[in-house]
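First comes the structure, then the notes that go with it.
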Number of protein chains: 2
Amino acid sequence: MAESMKGLKRTHRCTEISTANIGENVTLMGWVQKSRNKGGIIFVDLRDRSGIVQLIFENGSIDEKGFEKATKLRSEFVIAVTGVVEARSGAVNNNLKTGEIEVRANSLRILAEAETPPFPIEENSKTKEDLRLKYRFLDLRRPDIQRNLMMRSQVTTLTRQFMANEGFLEIETPMLTKSTPEGARDYLVPSRIHPGNFYALPQSPQLFKQLLMCSGYDRYIQIARCFRDEDLRADRQPEFTQIDMELSFVDVDDVIDVNERLLAYLFKQVLDVDVKLPIQRMTWQDAMDRFGSDKPDLRFGMELQNVSEVVRGCEFAVFKNALEAGGTVRGINAKGQGGMPRKKIDKLVEFAKDYGAKGLAYIAIHEDGTVKSSFAKFMTEDEMNRLVEAMDGQAGDLLLFAADKNKVVWDVLGALRLELARQMNLLDSSEYRFVWITEFPLLEWSDEENRFKAMHHPFTMPMEEDLQYIDSDPGRVRAKAYDIVLNGTEIGGGSVRIHQDDIQEKMFEVLGFTKEKAYEQFGFLLTAFKYGVPPHAGLAYGLDRLVMLMAKQESIRDVIAFPKVKDASCLMTEAPNLVDEKQLEELGIAIRSEE
Amino acid sequence: MAESMKGLKRTHRCTEISTANIGENVTLMGWVQKSRNKGGIIFVDLRDRSGIVQLIFENGSIDEKGFEKATKLRSEFVIAVTGVVEARSGAVNNNLKTGEIEVRANSLRILAEAETPPFPIEENSKTKEDLRLKYRFLDLRRPDIQRNLMMRSQVTTLTRQFMANEGFLEIETPMLTKSTPEGARDYLVPSRIHPGNFYALPQSPQLFKQLLMCSGYDRYIQIARCFRDEDLRADRQPEFTQIDMELSFVDVDDVIDVNERLLAYLFKQVLDVDVKLPIQRMTWQDAMDRFGSDKPDLRFGMELQNVSEVVRGCEFAVFKNALEAGGTVRGINAKGQGGMPRKKIDKLVEFAKDYGAKGLAYIAIHEDGTVKSSFAKFMTEDEMNRLVEAMDGQAGDLLLFAADKNKVVWDVLGALRLELARQMNLLDSSEYRFVWITEFPLLEWSDEENRFKAMHHPFTMPMEEDLQYIDSDPGRVRAKAYDIVLNGTEIGGGSVRIHQDDIQEKMFEVLGFTKEKAYEQFGFLLTAFKYGVPPHAGLAYGLDRLVMLMAKQESIRDVIAFPKVKDASCLMTEAPNLVDEKQLEELGIAIRSEE
């Protein structure tokens, strides 16, 4: 039977008391973490979101009825206890913030009893995630998840504070909005009042935030829920959260400046980590050439080397064909891995193939200076020597080469570099290494559609100095776009937007949009732009990923209170579910029968 | 042709300069509010979100090309201007914050030209709302709307700050969740991966916030988007925003305490208004008896008087029948309205009928003491005298009576009281009068379903002292529920929740829920409650309404950036709209053809 808390008032959270409170009568409320009877004295670990404190129930300190109740306590019972803070009678527990004290109870109420939970409430749970997500309300009691969600709350609170001080206004944009055909798949919401018509849930507030700039709001921020109905890869969610911003009368440097200070503030306040400003910047071209990735992890080197010129003219068909087809040959040097067993190298070859490589050429330089290579027989000794030299190959090194179109070479070596870093333990988890990637290509060629597509979106501003190439060589035009990358993960990105009508028209022309098509898709934005649009730029962070990295978690599910699983369902609520036929009738829709 | 802002940096917003900056060279950017050529000197009002400053373009101060450009400026052009701050050469303009200065331009760039807007950008626009909403991006440039949205941003920023300091965690709950059959109509979202199944958009985070208490988060806040697919009455939106909170280990007073301090903080910071604490409390019964409303406007008196005992036994059939049917007779005294013309009184009678009255009885006491009454002929003189006395009727007063079931009498006189206050100008718009309404009935009888329904929701805690009546007289049981009312508008409400399984079971029994039905609807919450649930309570504010009142606006559409109209459509984006058949196929749904 649950007792009421009538007349009681909690005085502290569990770990808000310390040796400074010794002798005080306090009232605590929380969950029983564990309870044990040791020689007629009952010891209880009481838990709340702040942590754990030890309670002692002993006949004499508490009346008989109270003691009797204490003997019945089991894990996850919710109790209210009044008692006196004392120095711990047993050994001090250094694992606990309250390890030097305990509370000698003089009164106890059982506010709620509890059945035995289906898994223990403990840090770093070994319980299968599916079971934990089904009982998410219990899983959320685990101290590590609680720390994650408290950190998330701290991150959003500090972000809003900082941005408000910088003159940003938080403005809510609609959730029930218009479906646009381009981009990822929309979640649709049938309209009851307009049968046959649908709202779409926003993939991002992009168009609305640009409108707000057009309306003179100058600086906008929103921590906004966004939706994408995509097949969920490893660590995606159908709904996710962006820290979304847009600024007027600015250029790239202004956006980068305020965001660097924001990041430094967050990391200092939340993690006590000093982010050295300014954050390093790297062009997209450099990032690809040096790291094979537009989100390079700079915590280690192992940079890509372009050895195309070194191997040009050699007879190794793989290199030769790649070069002749306009591709490149590039390599990485896995220092000290020259002795890697053949089996492990074969696994790397398989790994490379997963990333699109046809194969992987290697040179293993043993400690004794002998060399083992998958392709030496096709090369002259001189060619081999020059190649090893170009790669700075030393005794004990493993050199790995990919030869193909640039994109494939980058993908393969970029992924391989990371894989080797993992194997070689090069990733310092205590380091937070930021880098801005800038000067992205404005366009990327789509083989599928046989046209250029916008790499970011059609409103991204080209770099002024490249505008001259937009007709003659569109692929060469770089954009005023930027990503912020942390330890090899893109945590945010954005761009300066086009605000000049002539450039916007040219952009649509290059993308193969007729004026009609442009208006069909972006009508209200283009109309708005006719009435005086300021230069503006913006950026959006993936909050889930940012907090995941800050909390050193492996999955964004560990920093979301009620996440969904891979098939986009919620194991706890069992959403999505079937609904009444009457509801569908009202909406003017029907479920298609299987054909 | 739009010019680039390359190389320029804004130094101030328009009204951030003052006489303190005289002699300084500043760079401003914004929109041309108006432009006029006066004797070869061009005066431009430049506008940004901070306000307006006057620019001067004069040949000699600016080069010829610059002056030539200035002659072309028209309303809503976006420009960047560099110039020197000077004391105003003409008369000081006291209507402007910058009325003592002007900026003598030495350089001008036209960042964007503008077509003539379909309506002028000005305060208190007379333009039809439909046109303004179609061009919302222009409407949002109006200074009054900008002030509203800036205030809204300030309210949410301060709320989050205050709540964070009080130990509340902001935790995001899902938007794609489970449809529950009870309550208002859900917006549904078809699932592509699970064809035939649907998510629902949340009507409120109620169940999730209670789960978070169950999970030990102790204090939760979220400024949450909520959705209800209802027919939109006067001032509703399909999506709206709540300041939503929940607290563990608390009772009514704790919730009221933190919220009073929050409100006082907001009104002081945003409006410089002192809210006297503690805020007055009134029971639901008192509110109904004295003001005929559970959201009484206390800025004026004109309280209801129950005169049932005074008129009992009189021969006026309207009174007699009402009393015999178990109803009451109540009146209000409109002081000084005794001379109201008959026509106007008739209008009040019609007004009363709109609220369910069969009629309205009145006594007009003229200044000379003569009395005119709709029912005097059915009463003895003595009865009339006693009635006038009971109503404190003085010369010049108008007494109005309703006789019916309590609910009708309250509704009619409550509405009439407000209507008369409007006519008599009793509503002081500078006053902010708060009141807590407490001790709501737990249940209300539904004639339609022939059973009791929960007035709030089935998890609302009954008052301990009334639990004894729950079987014998359920209608008598009061709940630990509370609303916060400001100037006659409910701005928030909440309750203590049931955390005792025996009381919860009883509650379901009274509501006529079988155990199966309860689990079908609230399964995961009831399951969660088995594993140790703390006492908890919460409250939610309607943010839109709160800000509307703070900003002294008539409609929540004036404090929402992109509102929808009555048919739940957006005039700007034209959402909802038709979508591709292919999208529907993927979702496994079809549009029903008209039958």
Passes side-chain contact (heavy atoms from CB on, under 4.5 Å), B:Leu149 versus A:Leu169? Steps please.
-> CA-CA 8 Å; B:Leu149 292 183; A:Leu169 301 170; over 6 Å; no

Heavy-atom distance under 4.5 Å to chain B: side chain of A:Ala528, backbone, both or neither?
-> both

Given that the side chain runs from C-beta out, which part of B:Leu176 has a heavy atom under 4.5 Å from chain A: side chain, backbone, both or neither?
-> both

Honestly, the part of B:Leu28 sitting under 4.5 Å from a heavy atom of chain A is neither

Measuring heavy-atom distances to chain A, does B:Cys214 have an atom under 4.5 Å in its side chain, in its backbone, in both, or in neither?
-> both

Against chain A, label B:Glu585 side chain, backbone, both or neither, depending on which of its atoms sit under 4.5 Å from a heavy atom there.
-> both

Closest heavy-atom pair, B:Val189 versus A:Leu201, reported as atoms and distance to 0.1 Å, is CG2-CD1, 4.3 Å

Could you have a look at B:Tyr135, B:Phe198, B:Phe227, B:Phe529 and say which one has the most heavy-atom pairs with chain A under 4.5 angstrom?
-> B:Phe198

Looking at B:Ala568 and A:Ile193, what are the two nearest heavy atoms and their distance?
-> CB-CD1, 4.0 Å

Can you tell which part of A:Phe208 gets under 4.5 Å to a heavy atom of chain B, answering side chain, backbone, both or neither?
-> both

Verify, without hydrogens or angle tests, whether B:Ser215 (side chain) and A:Phe137 (backbone) share a donor-acceptor contact under 3.5 angstrom.
-> yes

Say you draw a straight line from CD1 of A:Ile221 to OG of B:Ser153; how long is it, rounded to the nearest 0.5 Å?
-> 9.0 Å

What part of A:Arg74 gets closer than 4.5 Å to chain B, counting heavy atoms only: side chain, backbone, both or neither?
-> neither

Measure the spacing between CG of A:Leu207 and OG1 of B:Thr573 and express it to the nearest 0.5 Å.
-> 10.0 Å

Atom pair CZ/CG of B:Arg49 and A:Leu212 - distance to nearest 0.5 Å | 11.5 Å

Select one option (side chain, backbone, both, neither) describing which atoms of B:Ser248 are under 4.5 Å from chain A's heavy atoms.
-> backbone

Under 4.5 Å from a heavy atom of chain A, the part of B:Leu525 involved = neither

By a 4.5 Å heavy-atom criterion (distance strictly below it), what part of A:Met151 contacts chain B: side chain, backbone, both, or neither?
-> neither

Checking B:Met5 against chain A: side chain, backbone, both or neither under 4.5 Å from a heavy atom?
-> side chain

So, the part of A:Lys564 with a heavy atom under 4.5 Å from chain B: the answer is side chain

Measure B:Asp139 against the heavy atoms of chain A and call it side chain, backbone, both or neither at under 4.5 Å.
-> neither

Shortest non-hydrogen pair, A:Arg225 vs B:Thr173, comes out as NH1-O, 2.8 Å

Where on A:Ser75 is there a heavy atom nearer than 4.5 Å to chain B: the side chain, the backbone, both, or neither?
-> neither

Just by distance, do the side chain of A:Trp31 and the backbone of B:Gly216 share a donor-acceptor pair under 3.5 Å?
-> no

Locate the shortest heavy-atom distance separating B:Pro190 from A:Leu188; write the atom from each residue and the value.
-> CD-O, 3.1 Å

Non-hydrogen atoms of chain A under 4.5 Å away: do they reach the side chain of B:Glu230, the backbone, both or neither?
-> backbone

Heavy-atom pair with the smallest gap, counting every atom of A:Glu464 and B:Ser4 | OE2-OG, 3.6 Å

Rounding to 0.5 Å, atoms OH (B:Tyr199) and CG (A:Asn577) come to a distance of 10.5 Å

Measure distances from A:Ile560 to the heavy atoms of chain B and classify the residue's part below 4.5 Å as side chain, backbone, both or neither.
-> neither

Distance col, row A:Glu113:CD vs B:Lys530:NZ, nearest 0.5 angstrom, shows 14.0 Å

Tell me, for B:Leu584 versus chain A, whether the close heavy atoms (under 4.5 Å) come from the side chain, the backbone, both or neither.
-> both

Residue selection (most heavy-atom pairs with chain B, distance under 4.5 Å) from A:Pro535, A:Ala561, A:Pro238 = A:Pro535

Part of A:Gln237 lying under 4.5 Å from any heavy atom of chain B | neither

B:Arg592/A:Ile589 under side-chain contact (heavy atoms from CB on, under 4.5 Å): CA gap, chis, key distance, verdict = CA-CA 5 Å; B:Arg592 282 172 200 258; A:Ile589 59 171; 5.6 Å; no

With chain A, the option among B:Thr241, B:Asp48, B:Ile121 that has the most non-hydrogen atom pairs under 4.5 Å is B:Thr241

Identify the residue among A:Arg47, A:Arg141, A:Arg13 that makes a salt bridge (charged side-chain N to carboxylate O under 4.0 Å, His left out) with B:Asp218.
-> A:Arg13

Under 4.5 Å from any heavy atom of chain B - which part of A:Leu543 = side chain

Can a salt bridge be assigned to the pair A:Asp251 and B:Lys9 using a cut-off of 4.0 Å between side-chain N and carboxylate O?
-> no

Which bit of B:Ile171 comes within less than 4.5 Å of chain A, counting heavy atoms only: side chain, backbone, both or neither?
-> side chain

Can you tell which part of B:Val32 gets under 4.5 Å to a heavy atom of chain A, answering side chain, backbone, both or neither?
-> neither

Using a cut-off of under 4.5 Å on heavy-atom pairs, state which of A:Asp231, A:Thr156, A:Thr177 scores highest against chain B.
-> A:Asp231

Residue A:Ser50 versus chain B: region with a heavy atom under 4.5 Å | neither

Given B:Arg192, which of A:Asp567, A:Asp186, A:Asp229 fulfils the salt bridge (charged side-chain N to carboxylate O under 4.0 Å, His left out) condition?
-> A:Asp229

Without hydrogens or angle criteria, can the side chains of B:Thr157 and A:Glu170 be said to hold a donor-acceptor pair below 3.5 Å?
-> no

Where on B:Phe77 is there a heavy atom nearer than 4.5 Å to chain A: the side chain, the backbone, both, or neither?
-> neither

Test item: A:Glu239 side-chain N/O and B:Met175 main-chain N/O as donor-acceptor pair under 3.5 Å | yes

Measure the CZ-CG distance between A:Phe562 and B:Leu211 for me, rounded to the nearest 0.5 Å.
-> 5.0 Å

Could you walk me through whether B:Glu3 and A:Gln500 pass side-chain contact (heavy atoms from CB on, under 4.5 Å), step by step?
-> CA-CA 8 Å; B:Glu3 295 178 89; A:Gln500 302 95 325; over 6 Å; no

Evaluate the criterion side-chain contact (heavy atoms from CB on, under 4.5 Å) for residue pair A:Thr27 and B:Phe249; output intermediate values, then yes/no.
-> CA-CA 11 Å; A:Thr27 298; B:Phe249 302 115; over 6 Å; no

Using non-hydrogen atoms and a 4.5 Å limit, figure out which bit of B:Ser191 sits close to chain A: side chain, backbone, both or neither.
-> side chain

Could you tell me whether a side-chain N or O of B:Tyr531 sits under 3.5 Å from a main-chain N or O of A:Pro118, the two making a donor and an acceptor?
-> no

Interface moiety of A:Pro534 toward chain B, non-hydrogen atoms closer than 4.5 Å = both

